[in-house]
Q: 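This is the structure, below, for whatever I ask next.
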Amino acid sequence: MPELPEVETIRRGLSLAVEGKRIAEVEVRRRDLRLPLPDDFESSLAGRRVLSLGRRGKYLVLALDDARALIIHLGMSGRMLIEPASRRSNVAALHEHVVFTLEDGTRIRFTDPRRFGLMALAEMAAIDSHPFFLDMGPEPLSESFSGDTLYSAIKGKRTPIKAALLDQHVVAGLGNIYVCEALYRAGISPRRLAMNVGRARVERLVAAIRAVLLEAIEAGGSTLKDYARADGELGYFQHRFAVYDRAGEPCPECDCDIGVAHIVQSNRSTFYCAKRQR
DNA sequence: CACGAACCCTGGCTGC
DNA sequence: TGCAGCCAGGGTTCGT
């Protein structure tokens with residue numbers, strides 16, 4: 001579910017609640033997430049202080065005071081609920097698998113109906129060589145992502161550019177929605193083979209990816225304030241998409257009468273404007 | 001090796 | 001109304 005902007009929004013919201021705090025207690029209600037939680041998961045985390053909360057692609061990385069890291073991936077349906085000590089509930093939420101209680105009484109509840117999410121412990125010093133991150137592509141909002149790096153990453157690929165951008169080895173953090181949106185903004189057909197996306201298009205694509213992600217993060221930041229007032233749930237947020245899930249609706253940028261097209265590529269839905277995107 | 005399909009799991013929506 | 005079928009923003013595995 002959550003792509004880079006949602007995970008970044010969750011990271012920001014969570015960091016306010018957990019950074020610098022000690023974990024008092026960890027309760028596991030289900031161990032069989034995408035990866036089974038190890039037997040020593042609770043004992044490894046209890047008493048640890050959270051030094052910082054980072055993100056790599058769609059993964060959250062919590063640096064702990066014992067030089068280890070808690071890695072969290074939310075999969076398709078994972079959510080984080082922050083409950084301040086003042087209005088803590090003793091009732092377990094539906095599909096609640098892991099509950100962290102902090103030293104100040106704050107509770108962080110991880111819910112994930114589909115259980116595609118995961119949590120794992122790793123050595124912080126070697127985090128970049130962890131299997132999750134070893135072959136991961138560059139962060140799209142960092143300097144290491146550029147026309148040069150994207151061009152060389154997709155050079156020679158016979159797969160459609162849509163599928164190439166979903167590949168986390170090419171660029172980190174993009175998912176189905178933001179790939180559709182970025183290709184739309186760049187005016188590139190999702191069906192075009194990656195190897196046939198020339199330099200000029202690659203440059204437009206890099207700019208479009210950055211713009212789409214930054215706008216979504218900004219939208220997430222504003223809903224974060226609403227969430228802080230509401231129930232503390234961190235997950236999806238409302239955002240206006242130009243083409244995603246808008247099959248048949250008129251393309252917002254051109255007056256073509258066809259409307260937004262819906263096709264299926266590698267078993268995932270793609271939305272695009274066949275006139276604007278070539 | 002590189003690619004696409006199938007699969008993991010549950011809930012919600014659509015259409016009969 | 002009831003229910004079968006399909007779809008969902010994740011990633012991995014398997015077969016070609």
Side-chain angles (χ1 to χ4, degrees), chain A residues 1-11 29-37 55-61 71-80 93-98 110-120 130-137 140 152-184 190-196 209 212-213 215-217 219-220 223 233-248 260 262-272:
Chain A
M1 110 182 354
E3 304 182 30
L4 188 153
E6 289 79 19
V7 178
E8 177 59 23
T9 298
I10 291 164
R11 187 195 69 75
R29 303 176 59 87
R30 272 198 87 141
R31 310 197 86 82
D32 55 338
L33 307 182
R34 181 151 66 81
L35 295 178
L37 291 174
R55 179 189 57 74
R56 179 77 172 96
K58 300 169 191 169
Y59 291 83
L60 295 168
V61 179
I71 303 172
I72 302 176
H73 193 290
L74 298 171
M76 293 274 269
S77 56
R79 288 166 184 258
M80 291 289 189
L94 206 56
H95 299 294
E96 178 177 286
H97 309 314
V98 181
F110 168 72
T111 66
D112 184 9
R114 293 173 77 176
R115 282 184 287 122
F116 287 169
L118 66 83
M119 294 192 188
H130 188 279
F132 294 156
F133 307 125
L134 184 59
D135 296 321
M136 187 174 275
S152 68
I154 66 175
K155 190 171 53 181
K157 281 191 173 290
R158 298 176 181 282
T159 193
I161 185 64
K162 160 80 188 306
L165 293 176
L166 280 176
D167 182 350
Q168 302 296 297
H169 301 105
V170 169
V171 54
L174 293 182
N176 206 35
I177 291 181
Y178 293 103
V179 165
C180 290
E181 295 295 309
L183 286 170
Y184 170 77
R191 313 172 60 158
R192 177 178 287 270
L193 295 189
M195 62 186 296
N196 293 334
I209 288 168
V212 160
L213 294 178
E215 283 174 27
I217 289 171
T223 60
E233 178 159 347
L234 295 170
Y236 309 141
F237 51 83
Q238 309 288 21
H239 190 53
R240 196 106 183 125
F241 301 121
V243 288
Y244 185 82
D245 207 20
R246 293 185 172 277
V260 174
H262 173 236
I263 61 174
V264 174
Q265 296 177 290
S266 29
N267 284 330
R268 316 273 319 257
S269 277
T270 299
F271 301 88
Y272 73 111

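This one's a predicted model, so the numbers in the text were calculated from it and none came from an experiment. Naming convention: chains lettered A, B, ... in sequence-line order (proteins, then strands); numbering from 1 in each chain.
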Q: Would you sort out whether Leu60(A) and Val7(A) count as a side chain to side chain contact (heavy atoms under 4.5 Å, CB included), showing the intermediate values?
A: CA-CA 7 Å; Leu60(A) 295 168; Val7(A) 178; 3.8 Å; yes
Q: If you measure from the Lys or Arg side-chain nitrogens to the Asp or Glu carboxylate oxygens, is any gap between Arg79(A) and Asp112(A) under 4.0 Å?
A: no
Q: What contact category does Pro131(A) fall into here, base, sugar-phosphate, or nothing, at under 4.0 angstrom with non-hydrogen atoms?
A: nothing
Q: Assess whether atom CZ of Arg192(A) is packed by more than 12 heavy atoms of other residues, nucleotides or ligands within 6.0 Å.
A: yes
Q: Regarding Glu6(A) and Tyr178(A), do their side chains bring together a donor and an acceptor under 3.5 Å, going by distance alone?
A: yes
Q: If you take all heavy atoms of Met119(A) and Ile72(A), which pair is closest and at what distance?
A: CG-CG1, 4.0 Å
Q: Which nucleotides of nucleotides 11-16 of chain C have their base under 4.0 Å from a protein heavy atom (B), which only their sugar-phosphate (S), and which neither (-), written as one string 5' to 3'?
A: SS----
Q: OP1 or OP2 of dG9(C) versus the side-chain N and O atoms of Tyr244(A): is any pair under 4.0 Å?
A: yes
Q: Give a yes/no answer on whether the side chain of Ser77(A) brings an N or O atom under 4.0 Å of OP1 or OP2 in dG9(C).
A: no
Q: Of all nucleotides in DNA chain B that come within under 4.0 Å of a heavy atom of chain A, which is furthest toward the 5' end and which toward the 3' end?
A: dC3(B) to dG11(B)
Q: Mind checking whether Phe271(A) and His262(A) have parallel, tilted or perpendicular rings, split at 30° and 60°?
A: parallel
Q: Which stems, defined as runs of 3 or more consecutive Watson-Crick or G-U wobble pairs with both pairing distances under 3.5 Å, involve DNA chain C?
A: B:2-8 with C:10-16, B:10-16 with C:2-8
Q: Using atom P in both nucleotides, what's the gap between dC14(C) and dC9(B) to the nearest angstrom?
A: 15 Å
Q: Please state whether the rings of His130(A) and Phe132(A) are parallel, tilted or perpendicular, taking 30° and 60° as the class boundaries.
A: tilted
Q: Take Leu193(A) and Thr159(A) through the side chain to side chain contact (heavy atoms under 4.5 Å, CB included) test and state the conclusion after the steps.
A: CA-CA 5 Å; Leu193(A) 295 189; Thr159(A) 193; over 6 Å; no
